[in-house]
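Notes to accompany the following structure.
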There are 2 protein chains.
Amino acid sequence: MTSARKSKGGRSRDARGDRGIPEATVARLPVYLRALTSLSDSEVSTASSEDLATAAGVNSAKLRKDLSYLGTYGTRGVGYDVNYLRYQIAREIGLTQDWSVVIVGIGNLGHALANYSGFASRGFQVAALLDSDPARVGDRVGDLQISSLDDLDSIVRDHTVAIGVIATPAGAAQEVCDRLVAAGVSSILNFAPAVLAVPGHVDVRKVDLSIELQILAYHEQRKAQGLIGLGELEAGAV
Amino acid sequence: MTSARKSKGGRSRDARGDRGIPEATVARLPVYLRALTSLSDSEVSTASSEDLATAAGVNSAKLRKDLSYLGTYGTRGVGYDVNYLRYQIAREIGLTQDWSVVIVGIGNLGHALANYSGFASRGFQVAALLDSDPARVGDRVGDLQISSLDDLDSIVRDHTVAIGVIATPAGAAQEVCDRLVAAGVSSILNFAPAVLAVPGHVDVRKVDLSIELQILAYHEQRKAQGLIGLGELEAGAV
DNA sequence: AAGAGTTTGTGAACGCGAGAACAAAATCGT
DNA sequence: ACGATTTTGTTCTCGCGTTCACAAACTCTT
């Protein structure tokens with residue numbers, strides 16, 4: 001049995017204070033942040049990894065390892081100072097500064113996003129709402145007015161927008177994406193059910209509502225099948 | 001034949017389902033399905049794994065491996081029959097039957113979800129919209145009327161609802177979740193920024209809009225830091 | 001002050017997923 | 001009919017992420 005531990009000579013490790021945090025950990029930091037905020041609101045000043053893990057819905061060992069990538073912010077025998085850790089995580093994610101975002105496509109979903117309070121409370125300022133439909137331009141949503149897509153360049157420049165949200169129909173997504181990238185946006189959150197092609201320096205995250213339902217449906221179907229007949233009926237030939 | 005069962009002992013948590021498809025694959029099947037539908041609409045009748053992979057935005061080897069979990073539906077030297085494969089994936093996910101879902105919490109987001117056409121087009125019927133606010137009950141949204149949360153039990157029973165969508169504020173999420181589970185719902189799609197506790201037989205998927213933005217912000221910050229100064233300024237003591 | 005009790009930080013084992021590479025199976029051309 | 005070509009299905013290897021388990025570090029009690 002060849003022990004796979006032999007590949008040690010690389011530069012991949014943290015030999016040089018590499019601030020690289022694993023993707024999986026980055027995705028959980030906002031969850032920890034929320035748990036800490038909740039504890040802080042309850043006037044809890046110190047929490048153990050076990051407490052935090054419970055509040056965040058994860059395993060405590062995983063939480064400790066995640067936090068260890070940020071630095072040594074806990075105290076053995078005691079736990080973590082809630083407010084201190086909260087600040088450290090916020091700083092690591094980049095929430096100690098404000099971010100301007102634009103939302104493109106002000107249909108049903110765009111409306112909901114524009115009114116979503118969870119953005120502002122975490123330092124995300126909606127700089128503008130954009131739509132290509134002239135009939136919508138000028139409408140008020142919340143305390144913003146819908147702008148024309150043609151104003152994208154100047155808006156991005158004036159507000160230093162780094163993040164764009166796409167909430168258009170699938171057919172328009174790629175073109176909107178291209179225009180966002182051309183205007184200087186380098187992170188995109190895509191709600192349109194389409195695969196986006198972007199240059200290498202641009203990050204894209206995708207949220208697809210119907211895909212989530214389909215994944216649930218798959219598991220639901222399996223549960224139901226298990227009840228009917230335990231034997232897996234061979235579905236080889238059709 | 002290729003007995004896909006090579007579970008080699010070990011402590012497998014659920015030794016039952018041998019037709020178990022890896023989670024990562026399940027999450028991609030809806031993407032393939034969409035790509036196939038798109039090709040079908042373009043009257044393409046046959047596609048190679050390379051074509052499909054491009055349309056779905058993945059690597060072709062990964063796509064082939066994913067499809068191999070479903071069965072042997074391709075033809076070597078030729079490719080895949082678009083419509084046949086589409087049907088097989090739809091069947092595997094469980095989209096050959098209709099699913100009834102309820103949406104709880106008809107605020108901004110609930111509204112958008114209720115009007116989202118992507119659900120109906122994939123076999124998800126919105127059976128009811130529910131809200132605990134008496135002021136909202138009775139309002140029309142699309143071609144449905146908002147019902148009281150108190151009607152949950154009868155609605156779930158009458159429509160055989162297996163999937164519930166939570167679009168309430170965080171504070172109400174756990175209670176709504178408990179009531180959904182008590183009514184018989186066994187899959188939950190949670191948009192509320194809260195960690196839900198559920199019995200083991202219930203599946204929960206979480207979509208958190210602000211977390212997605214925070215992940216983007218982290219990467220955006222790293223890009224920016226790289227530009228300013230390569231040296232990371234030590235932030236050890238405070 | 002020293003031992004008992006907590007809780008963190010991390011090394012090591014393990015399982016899963018991604019991607020490269022290749023053998024098997026089908027079509028096509030002569 | 002048969003070799004050349006295409007493309008699938010699968011094997012193999014590697015790296016990442018999760019989890020266990022434990023030494024190190026801190027507090028508390030006597």
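What you see below is based on every heavy atom in this structure, not just the backbone, and it leaves out hydrogens, waters and symmetry mates. Fair warning: this is a prediction, and the values are worked out from it, not measured in the lab. Lettering of chains follows the sequences in order, A, B, ..., and the numbering in each one begins at 1.
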Atom-to-atom span, CG of B/Leu67 to P of D/dT8 - whole angstrom = 9 Å
Under 4.0 angstrom, heavy atoms only, what part of the nucleic acid is B/Thr25 near: base, sugar-phosphate, or nothing?
-> nothing
How close do A/Ser60 and A/Ala53 get, heavy atom to heavy atom, and via which atoms?
-> CA-CB, 3.5 Å
Base, sugar-phosphate alone, or nothing: which one does B/Glu23 contact when heavy atoms must sit under 4.0 Å apart?
-> sugar-phosphate
From C/dG19, C/dA26, C/dG9, pick the nucleotide closest to the side chain of B/Lys62?
-> C/dG19
Roughly how many Å is it from CG in A/Leu52 to P in C/dG9, rounded to a whole number?
-> 11 Å
Choose from D/dC26, D/dA21, D/dT7 the nucleotide whose nearest atom is closest to any side-chain atom of A/Ala61.
-> D/dA21
Nearest listed nucleotide, side chain of A/Asn59, among D/dT19, C/dG17, C/dG9 | D/dT19
Within the pair B/Arg28 and C/dA18, is there a side-chain N or O less than 4.0 Å away from OP1 or OP2?
-> yes
Nearest to the side chain of B/Ser48 - D/dT8, D/dA25, D/dT10?
-> D/dT8
Is the phosphate of C/dG9, meaning OP1 or OP2, less than 4.0 Å from a side-chain N or O of A/Tyr80?
-> yes
Any side-chain heavy-atom pair of A/Leu33 and A/Arg86 under 4.5 Å = yes
Could you tell me whether the phosphate oxygens of D/dT8, OP1 or OP2, come under 4.0 Å of any side-chain nitrogen or oxygen in B/Ser49?
-> yes
CZ of B/Arg76 versus C1' of C/dT27: gap in Å, rounded?
-> 14 Å
Euclidean distance, atom CZ of residue A/Arg64 to atom P of C/dG9 [Å, nearest integer] = 9 Å
Does a distance-only test, which skips hydrogens and angles, find a donor-acceptor pair under 3.5 Å between the side chain of B/Lys65 and the base of D/dT10?
-> no
